[in-house]
Number of protein chains: 2
Amino acid sequence: MESPVKGHEVPRPNTRDRIVEAADFLFYQTGFEHTSFAEIAAIVGVSRGNFYHHFKTKDEILTAVIDLRLNKTRAMLRDWQAEGQGPAERIGCFIQILITNQSKIVLHGCPVGTLVSELAKLDHAAHDHANALFTLFRDWLHEQFVQLGRKEDADVLAMRLLAQSQGVASLASAFRDAEFIKAEVQQMRAWLQSVTPAA
Amino acid sequence: MESPVKGHEVPRPNTRDRIVEAADFLFYQTGFEHTSFAEIAAIVGVSRGNFYHHFKTKDEILTAVIDLRLNKTRAMLRDWQAEGQGPAERIGCFIQILITNQSKIVLHGCPVGTLVSELAKLDHAAHDHANALFTLFRDWLHEQFVQLGRKEDADVLAMRLLAQSQGVASLASAFRDAEFIKAEVQQMRAWLQSVTPAA
DNA sequence: GTCTATACGAGGATAGAC
DNA sequence: GTCTATCCTCGTATAGAC
């Protein structure tokens, strides 16, 4: 897709991208600080020294990981938008990711929430960059609630839904309880109904 | 208070307790893994080497910190219980801590949620021990909802309130927004009203 | 119980050959 | 672009004197 050469070349992902992918995976699974270069190198299959050719510092890798997640998230929101359904169905897509990712969430929490939380504790400069992930969802949900006819309190509803999903992910992980996710998703769908103005 | 000698001795806290207090503070502010012995030693005012006399490993300090938090939490719940009011007022006390601790929450999130989340990522043996903090609140809230007349779904309501508070803390910290806490606490109080059976 | 000194390993980062 | 070798710092942990 992003291969610079057109034609019949096999689009083998380059080392840089593979480093970012591996870091993305490990940062989610074991946290940013706890992930070492050695672990990333082991997954990618290159030597430690090598990838200083691609990134000068660990923070640069973090920046690349956040950018990757931002791009993936934008693409996902665009897809939901393109499915040609109404705002209620699109908000339903957002709620559904709790179900889709439930096993990962039980093990490692929400990828966005746990990263932002860790960076806040570290007082890390990239905190705001990471929080742009939340802002992406917040603005998108805001727009959906506007289209749903809740112009006045669209941001309040967007933040409330975001908070609910964070709380559910947090407790599901703490108690290792996937059933809790299912039950609360039911409740969130009912809530969505209740805030949808009658046609 | 816990001084072994009775009488006129000044109840100076011993070094061990001061280490645990300092660790408790730092684990909350900057996270368990990111906190170094040097930082704890700097606060307590003892040399690094010294407090291996009190704790053999960092994990032992963590255990002591969790026990401290468990005891403090039990005492707090007991106090709420002792104030002689009804279950609705007691649940209101729980909601109120979001307001009381709002400035800390904005900076460092919920002390329970962020610790449990970090230990989950580290796949740390103390995860379950830390999660006992959540269980303390869960069981206590459960009991309050039973007394409120919601025996059938007491645990569901307890978990929902716990999840809400986690979500609010998470987003308030991410967006550095204390006003969000205030607004959502209003909403949580209204919700509590709505689940309280009419007398 | 408190201190100094030190061992030991891990992790981030660099230099330079291929 | 990739590798090996190496440096440096920091953090945990230990030994032993006072």
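Naming convention: chains lettered A, B, ... in sequence-line order (proteins, then strands); numbering from 1 in each chain. No experiment lies behind these values; they were computed from the predicted model shown.
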For residues 152-161 of chain A, which residue pairs qualify under side chain to side chain donor-acceptor pair (under 3.5 Å), counting only residues two or more places apart or in two chains?
R138(A)-D155(A), R150(A)-D153(A), R160(A)-E184(B)
Would you indicate, yes or no, if dT2(C) has its OP1 or OP2 atom less than 4.0 angstrom from a side-chain nitrogen or oxygen of H53(B)?
no
Distance, rounded to the nearest Å, where N14(B) contributes CG and dT2(C) contributes C1':
14 Å
Non-neighbouring partners of D139(B) that pass salt bridge (charged side-chain N to carboxylate O under 4.0 Å, His left out), sequence neighbours left out
none
With sequence neighbours excluded, tell me which residues meet side-chain hydrogen bond (donor to acceptor under 3.5 Å, both in side chains) with E21(B).
none
With E118(B) via salt bridge (charged side-chain N to carboxylate O under 4.0 Å, His left out) - residues at least two apart
none
Apply side-chain hydrogen bond (donor to acceptor under 3.5 Å, both in side chains) to K104(A) and list each qualifying residue two or more places apart in sequence or on a separate chain.
none
Take the C1' atoms of the five end pairs on each side of the helix from dG1(C)-dC18(D) to dC18(C)-dG1(D), get both axes, and report the angle to 10 degrees.
0°
Nearest whole Å is fine: how far is dG11(C) P from F51(A) CZ?
12 Å
E143(B): partners by salt bridge (charged side-chain N to carboxylate O under 4.0 Å, His left out), with sequence neighbours left out:
none
In the structure I gave you, are the side-chain heavy atoms of R90(B) and Q81(B) within less than 4.5 Å of one another anywhere?
yes
What is the per-nucleotide protein-contact pattern of nucleotides 11-18 of chain D, from the 5' end, where B denotes a base atom under 4.0 Å from a protein heavy atom, S denotes such proximity for sugar-phosphate atoms only, and - denotes neither?
SSBB----
D123(A): what forms a side-chain hydrogen bond (donor to acceptor under 3.5 Å, both in side chains) with it, not counting sequence neighbours?
none
Excluding sequence neighbours, so at least two apart, what forms side-chain hydrogen bond (donor to acceptor under 3.5 Å, both in side chains) with Q96(B)?
R189(B)
Considering residues at least two apart in sequence or located in another chain, which fulfil the salt bridge (charged side-chain N to carboxylate O under 4.0 Å, His left out) criterion with D177(A)?
none
By a strict heavy-atom criterion of less than 4.0 Å, which residues belonging to residues 19-29 of chain B are in contact with DNA chain D?
none
